Amino acid sequence: MSRHAILCRFGEIFLKKGNRPAFVKRLVDNMRDAVAPLGARVERGHGRILVWLPDAAASGLESSDPEPALAALSRVFGLTSLSPVRVVERDLGAITQAALAETRAAIAAWPGKNPPSFKVEARRADKRFLPASPELARQVGGAVFQATGLRVDVHEPDLVVGIEVGYEHAFVYARVIAAPGGLPVGATGKADLLLSGGIDSPVAGWMAMKRGCHLAATYFHSFPYTGDRTKEKVRGLASLLSRWQGGIELRVVPFTAAQKALRDAGEPRLAVVLYRRMMMRVATRLAKERGALALVTGEALAQVASQTLENLTAIEAAAGLLVLRPLIAHDKVETVALARRIGTYDRSIEPYEDACSMFVPEHPEIRARLADVEAVEQRVDIAALAEECVRGTERILCKPTE
Ligand code: ATP
Ligand code: MG
């Protein structure tokens, strides 16, 4: 009798010696959150984490379908790869039977015209188990060859049949699925994303999550110049991002009054820098409310006029927290490719009203000087405008929808 589970591998957190137990605990917690709705159970063991699929017999199924759990786990940062496994007794006969069953399933699903070449790889966490790994692989490989006639290729096999012997069970698999790597969300702290409806900021947020940041998102809404369709779009993007985190709080900040006041402050060339500085101030306050240690933006060096070194300097000076810009060195094509990969691109390119025509000058300054910017800010009541933004903020919990 074999049972079905998913063997989950993790990598980089090994490097963080002192933090390792806390990181692994965070990873396991995040995995539990991801698979709990599927009725799967998470268990730690032999340098791997095991996800037990719901009992097929109890649900009246022939075998447990691993696909929903694989999909959920492929969005848990910190995991490096996944294998659906047969879990059997630590016994050569049982391991061989499972290897045969896995190989036959792989042949049945093999996409190529020719049958795959194969090899068996074995690894023992419990070194007391005998035969030792090379001999175990050789014996099981021999049995698979006898039964299937598949060609053995130890150098470049099409198919690797894997065996892992743990302390309580042995695991046999023939599929290895990539997981996203990175660090478990929350392991490095909290960071707040400035999320617009564009292509870049969702990707920047994803990259921060990948490095272990737990995200909340802040969107500056200039109603009615940007309409509710745009707000829905941003909400949709936050929901897409939440698939890697299990829920993201989106703050919608009413920005029209501040934006008008800054636009009318008499220095149209500096308007965009002034808006961005106001965003930084408000985002900092909202971030500090929940103990976030950084802001995240989708800015890339010199992509648009507001993103020159001079302007970024002037913008950053208004932030009261570290500003992370994961895309700083990206070409647009790289960001677009990543946006497609993580599934935000199609939503990002949906048409929407942009407040730009209303609020962005024809000839924006590309070398703003902080002293000039601060002089313009003297003409308006910055603190009151920021306060109004914070007070009017709407909070929406965005959950994964797809
Ligand atoms: P994006 O595709 O993310 O909108 P972009 O290349 O269009 O980026 P800008 O529009 O100049 O560049 O914005 C730079 C960054 O400032 C964005 O990536 C985002 O982090 C932040 N930002 C801009 N507008 C808003 C907004 N309305 N609400 C929240 N953040 C914003
Ligand atoms: Mg934009």
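On a predicted model such as this, the values are computed, not experimentally measured, just so you know. Ligands are counted one by one from 1 in listed order, and the atoms in each one are counted from 1 as well.
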May I ask you to decide if V185's main-chain N or O and N30's side chain share a donor-acceptor pair within less than 3.5 Å?
yes
Ligand 1 and P202, any nitrogen or oxygen pair closer than 3.5 angstrom?
no
Should one rank H221, Q307, M280 by closest heavy-atom distance to atom 14 (C) of ligand 1, which comes out on top?
Q307
For the residue pair R251 / T218, report whether a side-chain donor-acceptor contact shorter than 3.5 Å exists.
yes
Any donor-acceptor pair under 3.5 Å linking the side-chain atoms of R9 with those of T80?
no
Numbered atoms of ligand 1 (with element) below 4.0 Å of T218, judged on heavy atoms:
29 (C)
For ligand 1, is R276 a contact, meaning one of its heavy atoms is under 4.0 Å away?
yes
Residue, atom and distance of the protein heavy atom nearest atom 4 (O) of ligand 1 read S196 OG, 2.5 Å
Protein contact of atom 28 (N) of ligand 1 - nearest heavy atom, named by residue and atom, plus distance
F220 N, 3.0 Å
So which heavy atom in the protein is nearest atom 19 (C) of ligand 1, and how far is it from that ligand atom?
L194 O, 3.2 Å
Plane angle bin for Y275 and F359 - parallel if under 30°, tilted between 30 and 60°, otherwise perpendicular:
perpendicular
Please walk me through it: do R379 and E267 pass side-chain contact (heavy atoms from CB on, under 4.5 Å)?
CA-CA 11 Å; R379 302 175 200 156; E267 224 38 83; 4.0 Å; yes
Quick one: which ligand 1 atoms are inside 4.0 Å of a heavy atom on I199?
2 (O)
Verify atom 30 (N) of ligand 1: protein non-hydrogen atom under 4.0 angstrom away
yes
Under 4.0 Å from a heavy atom of G198: which atoms of ligand 1 are those, numbered in the order shown and with their elements?
1 (P), 2 (O), 4 (O)
Should you measure from each heavy atom of T297, which atoms of ligand 1 turn up under 4.0 Å away?
20 (O)
Electrostatic pair R124:D126 at N-O distance under 4.0 angstrom
no
Could you tell me whether some N/O pair between V296 and ligand 1 is separated by less than 3.5 angstrom?
no
for atom 15 (C) of ligand 1, nearest protein heavy atom and its distance come out as E299 CG, 3.9 Å
For K260 and Y225, test the side chains for any donor-to-acceptor distance below 3.5 angstrom and give the result as yes or no.
yes
Does one side chain, of S201 or S196, offer a donor that lies under 3.5 Å from an acceptor on the other?
yes
Donor-acceptor contact present, side-chain R243 to main-chain L240, <3.5 Å
yes
Nearest-contact summary for atom 3 (O) of ligand 1 - protein heavy atom, Å
S201 N, 2.7 Å
Taking atom types as modelled, is there a side-chain donor on H169 or E89 under 3.5 Å from an acceptor on the other?
no
min-distance protein heavy atom vs atom 7 (O) of ligand 1 -> D200 OD2, 4.5 Å
Under 4.0 Å to a heavy atom of L195 - the qualifying atoms of ligand 1, by number:
28 (N), 29 (C), 30 (N)
Between T188 and R211, is there a donor-acceptor pair closer than 3.5 Å when you use the side chain of the first and the backbone of the second?
yes
Which of the numbered atoms in ligand 1 are under 4.0 angstrom from any heavy atom belonging to G298?
17 (C), 18 (O), 20 (O)
